[in-house]
Amino acid sequence: MGILEKIGEIEREISRTQKNKATEYHLGLLKAKLAKYRAQLLEPSKSAGAKGEGFDVMKSGDARVALIGFPSVGKSTFLSLMTATASEAASYEFTTLTCIPGVIEYNGANIQLLDLPGIIEGASQGKGRGRQVIAVARTADVVIMMLDATKGDVQRKLLEKELESVGIRLNRSKPNIYFKPKKGGGLSYNSMVPLTMCSEKLVQLILHEYKIFNAEVLFREDSTPDDFIDVIVGNRVYMPCLYVYNKVDQISIEEVDRLAHEPHSVVISCGMKLNLDYLLERLWEYLALICLYTKKRGGTHTHTHTHTHTHTHPRILRMRHVIVLFPAIG
């Protein structure tokens, strides 16, 4: 039985297993096995060519934004409107995969916009150039998930599941769990808060699945078994995501209002060029960049332009016209 068949079998067993106290250990073990098989699937094979071969996207500008979405949701139109790059230049196939990213100029910063539709075409199963696509997506600072407003929440759930399966966690912070494997001494298990979803026995079972028998584990928050598995695996990426609903001119005003009030969501219409300015404002907030402007000689003060967001740490952005952070002396 291949890895894909094993993954499918475990997913089916998880879906048909009723969640209760009696099955929590069984489900925890299944999730640990599932995470292990998925990690094996996405590992580059020894016979594969050089890492990233055929998919060389140099990171440039002050930040990188990954644009994902199904076909015909308006990604090409969005690229044409927001960047100076022709959308047809960013062409994707798994056989010959090339990419010319667009650049958004905003508040004096250059934001690299990278269209990654390939991530939904079986990338989590390692098909084609899926591994390289995922590798680039994981280097992004923010994900823009482009969705068709006329399709409801179906596309959003499918894309979230695909990204979740490749270790990308959207709008979530890293679990506050201390984990350190040791050479001996068995399992040292402690928690600073009452745990409602993880027990010492379940933690031990999950660790044994990964052939770990000696470790220090300290829970600083009430975490799920999935959170603990993420900490063990250690290669998860936590990044902010903006859900952008396009084609809002084709739905009712009540539906527009509902989508606009969803968490981390923005409603736009590329066809009618509606709400694009607000989308850029929200994107700037999620990038959490800090602009520093130095004072001129003889000036009285410096100007700091700052935006922060709860999901990311602020990063200093050195503006292109201001390279030195402090005025010259003498």
Side-chain angles (χ1 to χ4, degrees), residues 7 31-32 34-44 51-52 55-69 92 97 99 101 111-147 156-180 206 210 220-221 223-244 263-264 282-283 285-289 308-315:
I7 288 174
K31 289 175 179 177
L34 185 62
K36 195 164 65 172
Y37 286 137
R38 280 178 174 163
Q40 289 175 14
L41 192 66
L42 294 171
E43 283 173 2
K51 187 178 179 182
F55 190 56
D56 187 13
V57 185
M58 185 178 292
K59 191 167 184 177
S60 63
D62 304 297
R64 170 178 278 191
V65 176
L67 176 65
I68 69 165
Y92 288 85
L97 186 52
C99 174
I111 302 166
Q112 186 183 48
L113 185 63
L114 201 59
D115 186 8
L116 290 175
I119 201 167
I120 65 164
E121 301 294 338
S124 63
Q125 281 81 43
K127 293 180 183 176
R129 293 296 177 91
R131 295 185 185 95
Q132 289 95 325
V133 175
I134 291 163
V136 173
R138 291 165 68 94
T139 65
D141 300 303
V142 171
V143 169
I144 288 182
M145 190 180 289
M146 186 72 75
L147 305 163
R156 175 171 171 168
K157 289 175 182 175
L158 288 170
L159 285 168
E160 283 178 334
K161 184 180 178 183
E162 187 76 15
L163 291 172
E164 188 85 10
S165 66
V166 297
I168 297 175
R169 305 291 182 254
L170 303 177
N171 295 325
R172 282 163 52 185
S173 55
K174 191 175 180 180
N176 196 356
I177 302 171
Y178 174 77
F179 169 71
K180 183 181 179 181
I206 293 171
Y210 283 91
R220 298 190 181 102
E221 63 183 9
S223 304
T224 65
D226 294 298
D227 291 333
F228 182 57
I229 292 167
D230 284 350
V231 170
I232 296 172
V233 175
N235 64 348
R236 304 311 192 209
V237 176
Y238 300 85
M239 63 176 67
C241 173
L242 263 177
Y243 301 99
V244 178
H264 314 291
R282 291 291 301 275
L283 178 61
E285 289 175 13
Y286 275 53
L287 285 169
L289 293 170
T308 59
H309 190 263
T310 54
H311 292 282
T312 53
H313 296 291
R315 295 180 298 279

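Given the structure is predicted, the values throughout are model-derived calculations rather than measurements.
Judged by distance alone, with hydrogens and angles left aside, the side-chain atoms of Y210 form a donor-acceptor pair with the main-chain N or O of A32 at under 3.5 Å. Between the side chain of R138 and the backbone N or O of V166, at least one donor-acceptor pair lies under 3.5 Å. Judged purely by atom type and a 3.5 angstrom limit, Q112 has no side-chain atom pairing as donor or acceptor with the backbone of G61.
For the residue pair A63 and D141, the shortest heavy atom distance occurs at CA-OD2, 3.3 Å. The heavy-atom pair separating N176 from E221 by the smallest distance is N-OE2, 2.9 Å. Shown here for L159 and G69, the closest heavy-atom pair between the two residues is CD1-CA, 4.1 Å. What you find for I206 and P225 is that their closest heavy atoms are CD1-CB, 4.2 Å.
With a 4.5 Å cut-off on side-chain heavy atoms, I144 and Y286 do not count as touching. At least one side-chain heavy atom of V65 sits less than 4.5 Å from a side-chain heavy atom of L287. M145 has its side chain within reach of L163: a pair of non-hydrogen atoms, C-beta onward, lies under 4.5 Å apart.
Considering only residues two or more places apart in sequence or on other chains, E164 meets the salt bridge (Lys or Arg N to Asp or Glu O under 4.0 Å) condition with R169, R172. Applying the ring pair (Phe, Tyr, Trp, His ring centres under 6.0 Å) test to Y243 and every residue at least two apart in sequence or in another chain returns nothing.
Residue R156 holds its CZ atom at 7.5 Å from CG of L147, rounded to the nearest 0.5 Å. One finds the NE2 atom of H264 at 9.0 Å from the CG atom of L242 (value rounded to the nearest 0.5 Å). Interatomic distance, R64 CZ to L113 CG, rounded to the nearest 0.5 Å: 11.0 Å. D227 contributes atom CG, which lies 11.5 Å from atom CD1 of I232 (distance to the nearest 0.5 angstrom). Annotation: the span from T139 atom OG1 to M239 atom CE amounts to 7.5 Å, rounded to 0.5 Å. Here I229 contributes atom CD1 and S223 contributes atom OG; the two are 12.0 Å apart, rounded to the nearest 0.5 Å.
Within the structure, every pair that satisfies the salt bridge (Lys or Arg N to Asp or Glu O under 4.0 Å) test and touches residues 231-243, not counting sequence neighbours, is listed here: D230-R236.
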